[in-house]
Peer 1: 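Mind looking over this structure? Questions follow.
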Amino acid sequence: MKKKGPLYALFLSLILLLPGCSSLTVLNPKGPSARTLSDTIILSIVVMLGVLAVVYILYIFVLVKYRAKKSNEGYIPEHEEGNKVLEAIWIIIPIIIVAFLSVVTVKTTTEVENVAADYKDQTPLVIYASSSNWKWHFSYPEEGIETVNYVNMPVHRAVEFRMYSFGTITSLWIPQLAGQKYAMSDMLTTLHLSADTEGSYIGKNANFSGKGFAHMEFEALVMSNKDYDEWVNDVKETAPELTEDEFKGLLATDFLGRKTYSSTHLEFSPPPGDHSEHMSGDGSEMDMDNGSEEHQDNKEIHPSPEPSSGTEFDSEPDPEVEQPLPSSPVDAETHDGH
Amino acid sequence: MKIDASKPLEYSTEENSNKIFGFWVFLGAEIPLFATLFTVYFVMVNRFASGPSASELFKIGPVLIETFLLLSSSFTIGLAIHAMRHGYKKAMMVFMAITLLMGLGFIGIEIDEFFTYVHEGATLQTSGFLSSLFVLLGTHGAHVSFGFLWGAGIMIQLWRHGITPATANKAFIFSLFWHFLDVVWIFIFSFVYLKGLM
Amino acid sequence: MDLDKFKVHGEPLIYGAMVSIALATIGILVGLTYFKKWGYLWREWLTTVDHKKIGVMYILAALLMLFRGGVDAMMMRLQTAAPEMKFLDAQHYNEVFTTHGLIMILFMAMPFIIGLMNVIIPLQIGARDVAFPRLNAVSFWLFFMGAMLLNISFVIGGSPDAGWSAYFPLASLEFSPTVGNNYYSLALQISGIGTLITGVNFIVTILKMRAPGMKLMKMPMFTWSVLITNVIIVFAFPVLTVALALMMFDRLFGSQFFTMANGGMDMLWANLFWVWGHPEVYIVILPAFGIYSEIIATFSKKNLYGYTSMVFSMLIISLLSFLVWAHHFYTMGQGAMVNSFFSITTMAIAVPTGVKIFNWLFTLRKGRITFTTPMLYTLAFIPIFTIGGVTGVMLAMASADYQYHNTMFLVAHFHYVLIPGAVFAVIAGFHYWFPKVFGFRLNERLGKHSFWWIVISFNVTFFPLFFLGLMGMTRRTYTYSEESGFGPLNMLSFVGAVGLAIGFLLLVYNIYWSTRYMPRDTTSDPWDGRTLEWATHSPMPIYNFAIVPTVQTRDALWSAKQDNIPLYDDKKITKIHMPSNTGKPFILGVIFFILGFSLVFSLWIPAILSGIGVIVMLAFMSFDRDHGYYISAEEVIATEKKLKRGETV
């Protein structure tokens with residue numbers, strides 16, 4: 001039909017413009033989770049191209065055959081009520097396609113929501129990723145180190161990101177390693193990923209979060225186990241400690257470059273939904289007369305943990321969360337129940 | 001305008017019957033409105049932060065009076081419509097007046113409740129729970145207050161023009177509205193107050 | 001009072017907008033005075049309760065908003081055309097894409113559709129007007145004032161800047177301290193109430209005022225689609241009303257619904273918003289399906305194939321539209337189970353939609369297809385919308401969506417759905433029904449020129465975005481680096497946007513040209529139509545039908561023309577009851593505008609006064625004893641004679 005020409009030209013120009021398939025980051029996975037998603041996407045594209053082909057062929061056929069011509073002038077089409085068999089066909093076949101894709105969806109969704117099959121026997125490396133304004137904080141509770149705006153991880157290792165936000169909803173996305181997931185202020189979300197190949201990958205916040213959104217990128221560097229261990233030891237020895245004041249300063253700043261610390265903010269500012277309720281221990285330290293002020297300050301730092309929230313949208317309780325963090329103060333009783 | 005004598009006065013013209021049907025559709029829209037407010041309340045009910053919880057805040061006394069007033073007023077508005085069908089203008093006016101007075105009593109008690117809450121430090125700003133409580137009760141209360149003004153307006157028209165197809169239609173629609181508010185209150189009474197007190 | 005709040009600082013762009021708004025306003029005022037048109041404007045338009053005029057005003061407003069939203073779009077495409085562009089800063093870019101979304105959905109697509117609905121539905125069901133003509137005027141003025149309120153935000157105080165979905169906590173006072181999101185909550189609230197009233201009005205109109213003999217299953221497909229749409233409006237809009245009210249309370253009165261501390265819950269907003277937001281998509285798309293059904297039947301000279309399954313597929317779509325909202329945030333961490341449920345309900349929508357596509361194709365089959373401008377838009381809709389549909393299925397797969405969410409892939413998808421699904425439809429409907437309202441057709445040659453510009457440029461603009469999404473470009477990004485490699489495709493997209501602009505300008509030129517030069521129709525049925533709206537004169541008299549038609553078949557007019565089934569039981573012309581004009585809806589709208597504006601800036605005294613004003617106006621309307629007037633039988637007969645001779649009335 002008439003429309004084919006321009007569309008064809010469009011496709012051609014696109015192919016010329018595309019610097020090759022490797023630039024389609026999403027379809028160039030470097031880890032099992034992203035690979036599952038990439039396969040799902042390609043599968044769905046193929047199925048959908050089939051659907052498109054059927055519609056387009058039928059479309060071109062009717063337009064060519066039944067358009068008004070000199071030869072059929074005065075032709076008055078007959079009344080046609082419909083056809084039960086035909087209509088049943090285009091109800092049943094789409095149902096089959098949708099059912100097939102549903103099975104794929106359920107299977108792959110469950111797959112990427114859990115540790116990848118090849119890594120099932122590992123204890124995942126836990127990294128807390130929290131966002132504030134337009135930066136990312138990565139805390140490694142096991143190693144007791146923290147970074148800002150970059151994250152290093154060992155290759156061939158199950159990694160579990162636990163995400164939350166000190167403000168707006170953000171979305172942690174490393175396209176070549178895994179799909180994205182939101183970081184929110186009053187619940188913890190979990191993202192499982194692992195990398196098969198060493199390398200540096202772009203990570204970003206995918207969810208619009210205001211003025212600085214466009215610049216909220218970070219590097220995800222996947223390194224060999226040896227390099228990773230060296231890096232951790234190096235940080236522990238050379239990097240400064242992250243004090244509460246320093247952390248408040250970080251939160252208050254809009255943009256930051258890279259930072260590295262030899263302790264984590266989790267110790268004085270626990271993540272939401274962490275029911276061990278270890279406040280910073282400030283209850284014992286703070287003076288009675290400025291207590292309320294201090295308390296207010298803390299409210300801002302802690303995305304307030306909620307006692308209970310009975311909606312279906314809360315994350316499933318994460319069994320791992322209960323396990324106390326390495327350096328958390330044990331005096332849970334100092335919590336004054338705000 | 002054609003008047004169909006075989007139908008009750010409030011349905012007697014096409015316009016009248018359209019208005020009643022239209023009001024039913026409008027009430028159809030009020031259901032998702034209140035359903036959403038209830039949902040918000042149920043999501044928020046345990047999120048009382050540093051403020052009081054439902055069981056700490058609610059007192060059964062005033063709520064029972066409010067319930068009694070509103071339920072009785074639903075009965076009296078029914079009597080008013082009954083009187084209207086028989087063409088008893090005076091009786092109808094009296095029953096409507098009683099209905100509106102009880103509505104006014106309800107609003108008075110509710111406002112007093114709100115003052116008590118605020119006095120106890122439970123304000124709209126205190127917690128998610130209280131925000132949702134005030135907005136749910138407030139929306140219902142605003143409906144009752146609006147109903148009071150509306151009902152009063154209809155009474156003036158009844159007093160001026162008597163029971164005509166137009167005024168009968170308005171009074172009937174008003175009664176639908178009033179019954180609806182009663183139904184909403186029953187939900188508030190059971191799922192907000194009684195459940196909260198448990 | 002802090003005057004600074006009202007000012008918007010910054011760029012020449014804003015000052016330019018201010019100056020042009022001021023000049024346009026002065027121009028309109030001076031023009032009206034000079035040509036002594038104030039009385040005309042008041043008598044014929046501001047106080048009208050005639051569904052046709054209200055419909056025309058809706059469409060005019062929608063066209064205006066199309067250009068406002070289009071300018072926003074051009075600014076966005078220009079800003080992202082190349083890496084590191086310095087045309088807009090982040091804040092203005094955020095405001096521009098937010099208002100682009102709001103305006104295009106709520107103040108362009110919806111009013112355009114409601115406008116067509118207003119003009120056509122009473123005619124199509126053989127009624128004299130809608131059920132509640134004055135309420136209809138109230139609807140229009142509330143919509144219009146809401147739209148104006150949102151539009152002045154650009155120059156007074158600043159526009160909303162948290163996206164059209166206004167997710168909390170980003171839209172909270174803490175992260176969005178300007179008045180922008182106050183405008184959001186109030187402008188949408190005011191026009192939303194108008195829409196809700198429209199919903200009630202049209203449900204009653206369609207269910208109670210159809211011509212004798214028009215059973216539900218004999219209604220034209222457009223009427224069916226509008227009925228279902230209005231049912232969705234009545235059930236979905238109250239959710240928006242509540243959500244916006246809560247937003248207003250949070251921002252103006254410090255309540256704790258969506259805050260981060262004190263028990264607030266930001267995800268609640270996302271849920272409420274999309275419980276309304278997804279049905280909203282079908283509110284603009286179902287009537288479009290109706291318009292296409294009419295046009296396809298007319299221009300293939302065939303009745304609609306599979307009428308019953310068309311109706312049921314719309315019913316199923318409307319039902320499912322309430323069960324899919326969480327697919328807008330699969331990534332919120334609600335777990336595989338919940339996501340799977342919403343994936344399946346979402347993909348299920350593809351089935352009834354597919355049924356419609358195939359039924360349309362089979363309507364064309366064995367027809368005699370003529371390629372008029374409205375038909376061209378309809379035919380372009382099928383292949384393009386199918387791309388939108390299949391990418392919708394791809395997005396519905398929760399796992400894959402983890403990679404598409406928030407990217408340009410999503411942007412491409414919903415433009416592939418909404419532009420053919422809603423914009424092409426309203427343009428097609430506009431061309432199709434234009435002669436009905438004005439008595440002459442738009443020029444076909446110009447129409448086809450603008451069609452090809454629009455359709456080709458549309459694909460050039462949005463097809464590259466699919467690839468940008470897969471390359472990892474997130475939406476709502478105001479700038480990107482050279483190394484990202486996003487540059488060339490964005491430039492291509494910008495070129496397409498320029499083409500789209502040319503297409504739309506041609507469309508406007510066509511309206512101007514046709515008004516001046518197109519010959520007036522004498523037939524009142526220029527397309528050889530099938531349904532009742534073509535059974536009366538074009539333009540139609542104020543009372544629509546001198547005699548109310550009687551319906552025996554689905555395509556009543558077609559049967560009358562083809563099989564000589566009489567359209568009118570041989571009835572005599574009798575006097576006709578008409579509602580009288582009233583200025584109260586307009587005044588009510590103005591008071592609502594003042595109320596909204598005062599609340600935006602927390603001006604409590606004017607807010608309270610205008611709040612009282614609203615109640616007083618409602619009381620005035622309740623006490624109104626004007627029950628309309630009668631047009632005598634003689635007058636109707638005289639008008640009919642004149643119209644038959646082709647004179648204007």
Side-chain angles (χ1 to χ4, degrees), chain B residues 1-2 13-15 17-40 43-51 123-132 134-136 138-139 145-146 149-150 152-154 156-157 160-161 164-167 170 174, chain C residues 130-132 135 193 196-197 199-205 207-209 230-231 233-243 245-246 248-250 253-259 261-265 267-269 271-272 275-276 322 577 579 615-616 618-625 627-628 630:
Chain B
M1 206 164 297
K2 273 178 268 153
T13 65
E14 194 198 347
E15 193 187 337
S17 97
N18 280 355
K19 278 185 179 162
I20 293 171
F21 180 63
F23 200 77
W24 277 109
V25 177
F26 172 74
L27 290 183
E30 289 273 55
I31 292 169
L33 183 103
F34 278 102
T36 312
L37 286 169
F38 274 108
T39 312
V40 170
V43 170
M44 292 301 208
V45 68
N46 288 322
R47 301 179 153 247
F48 41 81
S50 56
T123 66
L124 182 76
Q125 291 92 350
T126 309
S127 66
F129 157 65
L130 285 166
S131 297
S132 62
F134 275 112
V135 169
L136 172 59
T139 309
S145 312
F146 178 79
L149 294 175
W150 183 17
I154 290 171
I156 296 171
Q157 293 179 44
R160 277 199 202 154
H161 313 297
T164 66
T167 53
K170 286 180 188 188
F174 172 73
Chain C
V130 295
F132 311 114
L135 222 46
I193 295 168
L196 187 58
I197 299 173
V200 174
N201 208 339
F202 276 85
I203 290 178
V204 179
T205 306
L207 288 182
K208 302 271 280 183
M209 298 182 68
N230 282 295
V231 173
I233 288 180
V234 163
F235 284 104
F237 265 75
V239 182
L240 177 71
T241 306
V242 171
L246 304 188
M248 182 187 79
F249 277 112
D250 259 19
F253 306 109
S255 60
Q256 309 283 353
F257 290 105
F258 313 122
T259 49
N262 300 322
M265 186 180 183
M267 291 99 91
L268 182 61
W269 167 266
N271 279 284
L272 291 177
V275 167
W276 162 78
F322 284 92
H577 179 249
I615 293 181
V616 170
L618 291 178
F620 267 129
M621 290 169 89
S622 165
F623 278 71
D624 200 332
R625 281 171 55 75
H627 287 298
Y630 282 97

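Side-chain atoms are counted along with the backbone in the values below, which use heavy atoms only and exclude waters and symmetry mates. In what follows, every chain begins at residue 1, and chains take the letters A, B, ... in the order their sequences are listed.
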Peer 1: CD of B/E15 to NE2 of C/H627: how many Å apart, nearest 0.5 Å?
Peer 2: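 Between B/E15 CD and C/H627 NE2, I get 6.5 Å after rounding to 0.5 Å.
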
Peer 1: Quick one: CG on B/L124 to CZ on C/F249, what's the gap to the nearest 0.5 Å?
Peer 2: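 Rounded to the nearest 0.5 Å, the CG-CZ separation comes to 6.5 Å.
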
Peer 1: So, do B/M44 and C/Q256 sit near enough that their side-chain heavy atoms are less than 4.5 Å apart?
Peer 2: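 SC-SC contact between B/M44 and C/Q256 ruled out.
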
Peer 1: Heavy-atom cut-off 4.5 Å, strictly under: side chain, backbone, both or neither for B/F23 against chain C?
Peer 2: neither

Peer 1: With a 4.5 angstrom heavy-atom cut-off, could you sort out which part of C/L240 is near chain B: side chain, backbone, both or neither?
Peer 2: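 The answer is neither part of C/L240.
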
Peer 1: If I measure from the heavy atoms of chain B, does C/S622 come under 4.5 Å with its side chain, its backbone, both, or neither?
Peer 2: both

Peer 1: Can you tell if the side chain of B/V40 reaches within under 4.5 Å of the side chain of C/L272, non-hydrogen atoms only?
Peer 2: yes

Peer 1: Between B/K170, B/E30, B/H161, B/R160, who has the most heavy-atom pairs with chain C when the cutoff is under 4.5 Å?
Peer 2: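 Heavy-atom pairs under 4.5 Å are most numerous for B/H161.
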
Peer 1: Let me know if B/K19 has heavy atoms under 4.5 Å from chain C in its side chain, its backbone, both or neither.
Peer 2: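 Contact with chain C involves both backbone and side-chain atoms of B/K19.
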
Peer 1: Is it the backbone or the side chain of C/F257 that comes under 4.5 Å from a heavy atom of chain B, or both, or neither?
Peer 2: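 Both parts, backbone and side chain.
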
Peer 1: Can you give me the closest heavy-atom contact between B/T126 and C/N262, atom names plus distance?
Peer 2: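 Smallest heavy-atom distance, with atoms named: O-CB, 3.6 Å.
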
Peer 1: Taking side chain as everything from C-beta outward and backbone as N, CA, C, O, which of these in C/L246 sits under 4.5 Å from a heavy atom of chain B? Side chain, backbone, both or neither.
Peer 2: side chain

Peer 1: Does the side chain of B/L33 come within less than 4.5 Å of C/V242's, by heavy atoms?
Peer 2: yes

Peer 1: Can you tell me which portion of C/L135 sits under 4.5 Å from chain B's heavy atoms? Options are side chain, backbone, both or neither.
Peer 2: neither

Peer 1: Can you name the nearest heavy-atom pair linking C/V200 to B/G22, along with the distance?
Peer 2: CG1-O, 3.4 Å

Peer 1: Restricting to non-hydrogen atoms, name the atom on C/P238 and the atom on B/P32 that form the minimum distance, rounded to 0.1 Å.
Peer 2: CG-CG, 3.9 Å

Peer 1: Indicate yes or no: at least one non-hydrogen side-chain atom of C/M209 is less than 4.5 angstrom from one of B/N18.
Peer 2: yes

Peer 1: Under 4.5 Å from any heavy atom of chain C, what part of B/I154 do you find: side chain, backbone, both or neither?
Peer 2: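 Interface part for B/I154: neither.
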
Peer 1: Can you tell me how far OG1 of B/T164 sits from CZ of C/R625, rounded to the nearest 0.5 angstrom?
Peer 2: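 OG1 of B/T164 is found 6.5 Å from CZ of C/R625.
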
Peer 1: Keeping the roles fixed (side chain from C/S255, backbone from B/S131), state whether a donor-acceptor pair exists under 3.5 Å.
Peer 2: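 Answer holds: no.
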
Peer 1: Can you tell me which portion of C/F235 sits under 4.5 Å from chain B's heavy atoms? Options are side chain, backbone, both or neither.
Peer 2: both

Peer 1: Any sub-3.5 Å donor-acceptor pair from C/K208's side-chain atoms to B/F21's backbone N or O?
Peer 2: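 Looks like no, no N/O pair under 3.5 Å.
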
Peer 1: Within the side chain of B/R47, is there an N or O that forms a donor-acceptor pair under 3.5 Å with the backbone of C/G264?
Peer 2: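 Confirmed, B/R47 side chain pairs with C/G264 backbone.
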
Peer 1: How about C/F620: does its CZ atom have over 12 heavy atoms from other parts shown lying under 6.0 Å from it?
Peer 2: no

Peer 1: Are the side chains of C/F623 and B/I156 in contact, using a 4.5 Å heavy-atom criterion?
Peer 2: yes

Peer 1: Measure distances from B/T123 to the heavy atoms of chain C and classify the residue's part below 4.5 Å as side chain, backbone, both or neither.
Peer 2: neither

Peer 1: Heavy-atom pairs under 4.5 Å with chain C are the metric here; pick the option from B/T139, B/T36, B/L130, B/L149 that has the most.
Peer 2: B/T36

